[in-house]
Amino acid sequence: MTKDNSAAKETVTLTNNSTGKTIELPLLAGSVGPKVMDIRSLYSAQDIFTYDPGYMSTGSCKSAITYIDGDAGVLLHRGYPIDQLAEHGDYLEVAYAILKGELPNPAQKAKFVNDVTRHSMVHEQINFFFRGFRRDSHPMAVLCGVVGAMAAFYHDSIDINDPHHRMIASYRLIAKMPTVVAWTYKYAMGQPFIYPKNNMGYAENFLHMMFATPCEEYKVSPVLSRAMDRILILHADHEQNASTSTVRLAGSSGANPFACIAAGIASLWGPAHGGANEAVLSMLHEIGSVDRIPEFIAKAKDKDDPFRLMGFGHRVYKNYDPRAKIMQKTCHDVLNELGVHDEPLLKLAIELERIALSDPYFVERKLFPNVDFYSGIIFRAMGIPTSMFTSLFALARTVGWIAQWNEMLTDPDQKIGRPRQLYVGAPKREYVPLHQRA
Ligand code: SDX
């Protein structure tokens with residue numbers, strides 16, 4: 001069970017030196033991690049706002065789903081360490097825990113797997129949405145459009161105040177994302193859509209829909225489906241990151257779950273967030289060889305150069321991203337399974353990591369490889385095109401987004417998200433008729 005000490009009586013005293021007024025603000029404690037200063041009464045009491053672009057020091061909600069200790073490089077889902085989940089669990093088991101709070105018992109797991117498996121088909125009309133896109137559309141553009149359009153199909157599960165509707169929509173999204181993501185790839189390739197098969201596991205089914213054709217039997221390698229399943233676990237949820245916060249903010253207005261997840265997909269697409277896995281591959285190709293690494297390290301350090309070392313750094317982790325370590329091991333497993341022993345991009349990535357982690361600029365700023373640094377190399381080795389990398393991230397993150405969306409809607413503290421601002425524009429002034437303007 002989670003521990004919510006938000007009724008604790010510790011306080012923080014703030015004194016506004018410009019008015020001499022002080023205010024006692026409650027200090028709330030969670031089960032682990034930093035306490036939070038509850039500033040909800042600040043504006044009404046002191047007529048001032050807080051200012052925190054990028055939310056560097058701001059907690060937006062209470063949550064019991066995921067906890068990150070950035071200094072220790074620890075990631076817990078419902079209290080379970082990510083390395084144990086990745087080693088011993090499978091994606092649907094982890095998805096159950098993220099969605100419902102506890103790891104499933106055998107009967108619960110069997111039912112969840114059965115329910116998700118039998119929701120993996122999409123309405124046949126959705127098939128026609130793809131045809132509105134050019135074949136060379138970015139898969140994230142197609143995914144954003146098709147997932148948002150799902151709201152037009154599943155009217156029987158978009159009453160956000162009905163817990164049963166919320167759970168049906170949650171299952172539908174978890175179940176259908178592999179199908180829609182695989183179909184964005186098939187559409188781009190000009191190949192026919194492959195339908196999900198109920199006798200396959202979640203990751204196996206996805207890889208089958210990605211790479212099978214109607215012409216012949218396609219057997220998914222058990223090593224590759226296990227690797228894909230593990231990669232999905234590593235991307236499942238991650239506290240209040242940009243895309244999850246987007247889903248929560250969209251959901252706070254009462255928007256339907258499909259529209260909220262489409263908003264999360266849009267936010268994840270950015271290269272500073274989920275788009276980084278695609279950007280890492282482009283960066284490695286641009287660097288090209290080990291002897292050019294110093295040139296790019298210098299660019300990354302140059303304040304006048306917008307170039308950043310993609311796959312490095314993180315708002316929360318000031319230690320190695322625990323997911324990156326597991327990803328690096330999975331990378332070796334996949335390349336060994338595929339008999340790829342001299343993958344030049346992997347060698348380049350390992351050398352880039354070694355050089356960066358010995359450079360004071362990166363050491364001082366605690367910039368370590370994050371989850372996106374190695375994932376692209378694995379996906380590429382599996383035959384997945386770079387343009388599909390972020391869509392796979394979205395596939396995996398759907399359970400995190402939808403769990404956070406459910407948690408937000410059942411939080412008694414929940415209100416529509418409506419931040420304030422520090423206004424720096426023109427004070428009030430009179431309208432000037434056109435003929436009087438210079
Ligand atoms: C994900 O939030 C999540 O949990 C996200 C995620 C998830 O699972 O949801 O973990 C997934 O998005 C991982 C991050 C993927 N993005 C990248 O790999 C892109 C490259 N990384 C950077 O853009 C950056 O590190 C961020 C966006 C990830 C974090 O940026 P912050 O926290 O706003 O940090 P910052 O920009 O304030 O940087 C602090 C300093 C700055 O230098 P100074 O001004 O102090 O001199 O570090 C520098 C930055 O210039 N810096 C980098 C750098 N990242 C930060 N310099 C070079 N290369 C980098 N990658």
Side-chain angles (χ1 to χ4, degrees), residues 63-68 75-122 143 147 150 157 163 166-182 196 198 200-207 209 225-239 241 243-244 247-248 257-258 260-261 264-265 268 274 323 326 330 371 375 391-410:
S63 182
I65 299 173
T66 292
Y67 174 69
I68 300 170
L75 168 58
L76 309 177
H77 290 316
R78 300 292 187 178
Y80 302 105
I82 189 64
D83 50 318
Q84 294 181 28
L85 292 172
E87 183 68 31
H88 306 299
D90 62 45
Y91 178 72
L92 283 185
E93 183 177 53
V94 174
Y96 183 99
I98 288 174
L99 192 60
K100 295 175 180 275
E102 302 291 335
L103 283 170
N105 65 31
Q108 290 165 333
K109 179 172 180 180
K111 184 175 184 324
F112 185 64
V113 170
N114 180 67
D115 289 346
V116 168
T117 301
R118 278 156 181 72
H119 278 82
S120 53
M121 287 242 296
V122 292
L143 192 61
V147 171
M150 285 166 78
S157 65
R166 291 202 302 270
M167 210 36 75
I168 290 177
S170 303
Y171 277 45
R172 278 179 163 147
L173 280 157
I174 294 166
K176 298 175 192 307
M177 282 299 268
T179 308
V180 176
V181 169
N198 290 346
M200 289 188 177
Y202 193 82
E204 180 192 12
N205 221 340
F206 170 65
L207 290 174
M209 289 187 280
S225 61
R226 176 65 189 135
M228 178 56 74
D229 190 271
R230 181 172 294 162
I231 291 169
L232 297 177
I233 291 172
L234 296 176
H235 288 81
D237 190 53
H238 214 238
E239 284 192 3
N241 57 84
S243 53
T244 297
V247 171
R248 279 179 171 260
F258 302 97
C260 294
I261 298 304
I265 292 168
L268 186 74
R323 302 168 298 174
I326 301 165
T330 305
V371 69
S375 54
S391 302
L392 269 65
F393 195 149
L395 192 178
R397 186 54 56 89
T398 295
V399 66
W401 288 333
I402 207 70
Q404 299 265 355
W405 173 77
N406 277 293
E407 184 177 65
M408 174 207 56
L409 289 172
T410 53

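Sequence positions, counted from 1, serve as the residue numbers for this chain.
Two residues are said to be in side-chain contact when any heavy atoms from C-beta on lie closer than 4.5 Å; I233 and I82 meet this criterion. Looking only at side-chain heavy atoms (C-beta outward), N205 and P178 stay at 4.5 Å or farther from each other. Within the 4.5 Å cutoff, no side-chain heavy atoms of M150 are placed close to those of I261. Using a 4.5 Å heavy-atom cutoff, the side chains of P104 and F112 are not in contact. L143 is listed as a side-chain neighbour of M177, based on a closest heavy-atom distance under 4.5 Å. Taking the side chain as every heavy atom from C-beta outward, P196 and M209 approach each other to under 4.5 Å.
The main-chain N or O of E102 is never found under 3.5 Å from a side-chain atom of R78 such that the two would form a donor-acceptor pair. In this structure, the side chain of S120 does not engage the main chain of V116 through any donor-acceptor pair within 3.5 Å.
Here the closest heavy-atom approach between residue W405 and residue C260 is recorded as NE1-SG, 3.9 Å. Between S243 and N241, the shortest heavy-atom distance links the atoms OG-OD1, 2.8 Å. D229 approaches G89 most closely through the heavy-atom pair OD1-O, 4.4 Å. Considering every non-hydrogen atom in both V113 and T117, the closest pair reads O-OG1, 2.6 Å. Among all heavy-atom pairs drawn from A182 and F206, the shortest one is N-CE1, 3.9 Å. The nearest pair of heavy atoms linking S225 to L207 is CA-CD1, 3.7 Å.
Under the ring pair (Phe, Tyr, Trp, His ring centres under 6.0 Å) criterion, H77 pairs with no residue at all, not counting sequence neighbours. With sequence neighbours left out, Y80 forms a ring pair (Phe, Tyr, Trp, His ring centres under 6.0 Å) with no residue at all. For E239, the salt bridge (charged side-chain N to carboxylate O under 4.0 Å, His left out) test picks out no residue, with sequence neighbours left out. With sequence neighbours left out, D237 forms a salt bridge (charged side-chain N to carboxylate O under 4.0 Å, His left out) with no residue at all. Legend: residues meeting side-chain hydrogen bond (donor to acceptor under 3.5 Å, both in side chains) with Q84, ordered by chain and number and at least two apart, are absent.
Note: H119 NE2 to L173 CG = 11.0 Å, rounded to the nearest 0.5 Å. Here the CZ atom belonging to R397 is positioned 13.5 Å from the CD1 atom belonging to I402, to the nearest 0.5 angstrom. If you take CD1 on I168 and CG on D115, they are separated by 10.5 Å, rounding to the nearest 0.5 Å. The CG atom of L234 sits 10.0 Å away from atom CZ of F393, with the distance rounded to the nearest 0.5 Å. Atoms CH2 and CG, from W401 and L268 in turn, are 4.5 Å apart once rounded to the nearest 0.5 Å. Going from atom CD of E93 over to atom OH of Y202 covers 15.0 Å, rounded to the nearest 0.5 Å.
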Problem - Derivation of the side-chain contact (heavy atoms from CB on, under 4.5 Å) call for L392 and M228 - result: CA-CA 10 Å; L392 269 65; M228 178 56 74; 3.6 Å; yes
Practice task
Output, in order, the C-alpha distance, side-chain angles, deciding distance and verdict of side chain to side chain donor-acceptor pair (under 3.5 Å) for N406 and S170.
Solution key: CA-CA 9 Å; N406 277 293; S170 303; 3.0 Å; yes
Exercise for the section: Go through the steps to decide whether N198 and R118 satisfy the test side-chain contact (heavy atoms from CB on, under 4.5 Å), and finish with yes or no. Expected result: CA-CA 7 Å; N198 290 346; R118 278 156 181 72; 4.1 Å; yes
Exercise for the section: Give the C-alpha distance, both sets of side-chain angles, the deciding distance and a yes or no for side-chain contact (heavy atoms from CB on, under 4.5 Å) between L99 and I174. Expected result: CA-CA 10 Å; L99 192 60; I174 294 166; 4.0 Å; yes
Practice task
Take S63 and R248 through the test side-chain contact (heavy atoms from CB on, under 4.5 Å) and record every step on the way to the result.
Solution key: CA-CA 12 Å; S63 182; R248 279 179 171 260; 4.0 Å; yes
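Checking T244, I65, L75 one by one against H238, the side chain to side chain contact (heavy atoms under 4.5 Å, CB included) holds for a single residue, L75.
Applying the salt bridge (charged side-chain N to carboxylate O under 4.0 Å, His left out) test to every pair with at least one member in residues 81-91, sequence neighbours left out, gives these pairs: D90-K109.
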